[in-house]
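Here is the structure we will look at, set down as structure tokens.
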There are 2 protein chains.
Amino acid sequence: MNLDATDKKILGLLQSNAQLTMKEIASRINLSLTPVHDRIRKLEREGFIDKYVCLLNRRKLGKSLLVYCNVTLDKQRKESFEEFNAAISSMPEVLECCVVSGNFDYLLKVVANDVEAYNQFYQQKLSVLNSVLHISSFFVMSEVKGTTELPL
Amino acid sequence: MNLDATDKKILGLLQSNAQLTMKEIASRINLSLTPVHDRIRKLEREGFIDKYVCLLNRRKLGKSLLVYCNVTLDKQRKESFEEFNAAISSMPEVLECCVVSGNFDYLLKVVANDVEAYNQFYQQKLSVLNSVLHISSFFVMSEVKGTTELPL
DNA sequence: GTTGAAACCGGTTGTCT
DNA sequence: AGACAACCGGTTTCAAC
């Protein structure tokens with residue numbers, strides 16, 4: 001399926017604020033309720049919209065530390081990747097994890113309350129994995145930008 | 001303000017699905033409508049909930065390429081940081097950008113349609129900045145995990 | 001904190017152009 | 001595909017317990 005300009009406008013509005021009413025969306029793009037309604041349902045059905053969520057405030061929740069870390073796996077062991085993927089998936093501290101090109105294997109984005117909590121995570125959950133060969137951590141000192149909005 | 005177990009349950013539900021009705025939330029945590037309503041409004045007012053958004057499907061929108069890149073700035077120039085921050089803020093391709101500890105300055109998360117589009121971005125938008133000294137790009141080959149849900 | 005009622009508003013559906 | 005109108009369900013506010 002192909003998106004037209006109207007669909008993109010709707011997606012743009014919803015990804016910046018999912019609480020906009022259909023009325024508001026309709027008036028902003030100069031349309032009536034019905035087509036807005038039908039288009040949104042279609043965009044959901046077709047999988048353009050993955051889910052509706054609320055974004056929580058990291059600092060308010062005490063998770064003031066953000067850390068990116070590079071992980072290299074022991075590639076001698078064939079089970080390493082599955083093992084590591086499964087382990088990571090069940091760690092709530094890890095928000096993002098992906099396999100990257102370059103001289104290490106994984107890039108992780110991790111949240112923690114403070115340096116001590118991160119150290120706990122590092123020593124007791126990450127470095128204990130048999131699949132892990134090497135880890136290097138990069139502490140985030142300042143967040144310039146952090147959005148979930150994709151360009152349309 | 002301090003969160004109790006009930007608040008955390010509510011936040012947990014909302015950050016996984018912001019379309020749950022108050023009725024549904026109430027029944028899942030064995031409470032009546034009124035306190036659920038009041039708690040959510042309070043969590044919004046106090047800033048625990050930043051915003052409600054919808055998450056779009058990157059691939060469906062043609063943005064199948066995810067790239068992380070490390071950027072080193074020219075620290076001889078005092079204006080470099082402000083210049084770079086301002087430039088990045090206005091680039092829709094850049095979803096995340098932060099200052100990190102270690103041997104480079106910034107870590108960026110960038111989306112693009114394909115390698116060619118990324119190269120365009122790289123050559124015409126990123127490397128042309130006077131503040132930029134060095135860039136290295138890491139292409140994401142597989143996304144193991146990618147969530148906006150914070151641990152509670 | 002619970003229950004119930006009432007007003008309001010947005011989402012939903014059917015029908016028409 | 002878009003407009004209009006009627007209906008349904010959730011939210012919001014109130015009261016009383």
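Lettering of chains follows the sequences in order, A, B, ..., and the numbering in each one begins at 1. Every value quoted in this text rests on a predicted model; they were computed, and no experiment measured them.
- When heavy atoms are screened at a 4.0 angstrom cut-off, A/Thr21 is found touching the sugar-phosphate backbone but no base atom.
- We find that A/Glu83 and A/Lys78 are not joined by a salt bridge, their nearest charged nitrogen and carboxylate oxygen being 4.0 Å or further apart.
- As rounded to whole Å, 14 Å separates atom C1' of D/dA3 from atom CG of A/Asn30.
- A sub-4.0 Å separation between OP1 or OP2 of D/dT12 and a side-chain N or O of B/Arg41 is present.
- Remark: A/His37 is not in phosphate contact with C/dG11, judged by side-chain N or O atoms under 4.0 Å from OP1 or OP2.
- A salt bridge links A/Asp105 to A/Lys75: at least one charged side-chain nitrogen sits closer than 4.0 Å to a carboxylate oxygen.
- Between A/Asp38 and A/Lys23, the residue anchored closer to the 5' end of DNA chain C is A/Lys23, taking for each the nucleotide with the nearest heavy atom.
- Rounded to whole Å, the distance from CG on B/Leu33 to P on D/dG10 is 10 Å.
- B/Ile40 places its CD1 atom 12 Å from the C1' atom of D/dG10, with the value rounded to the nearest Å.
- Nucleotide C/dG11 holds its C1' atom 18 Å from the CZ atom of A/Arg39, rounded to whole Å.
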From CA spacing to verdict: side-chain hydrogen bond (donor to acceptor under 3.5 Å, both in side chains), A/Lys51, B/Asn17
CA-CA 7 Å; A/Lys51 61 191 309 201; B/Asn17 180 5; over 6 Å; no
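- Here the C1' atom of nucleotide C/dC9 and the CD1 atom of A/Ile25 are 16 Å apart, to the nearest Å.
- Side chain A/Ser32 to base D/dC4: no donor-acceptor pair is found below 3.5 Å.
- Here C/dT2 presents its C1' atom at 14 Å from CD1 of B/Ile29, a figure rounded to the nearest Å.
- Ring to ring, A/Tyr52 and B/Tyr52 are not that close: their centroids are 6.0 angstrom or more apart.
- Atom P of nucleotide C/dG11 and atom CG of A/Leu20 are separated by 10 Å, given to the nearest angstrom.
- Distance from the side chain of B/Leu31 is smallest for C/dT2 among the nucleotides C/dT2, D/dA3, C/dG11.
- The existence of a salt bridge linking A/Asp4 and A/Arg39 is confirmed by a sub-4.0 Å separation between a basic side-chain nitrogen and an acidic carboxylate oxygen.
- In this structure, A/Met22 places its CE atom 19 Å from P of D/dA5, rounding to the nearest Å.
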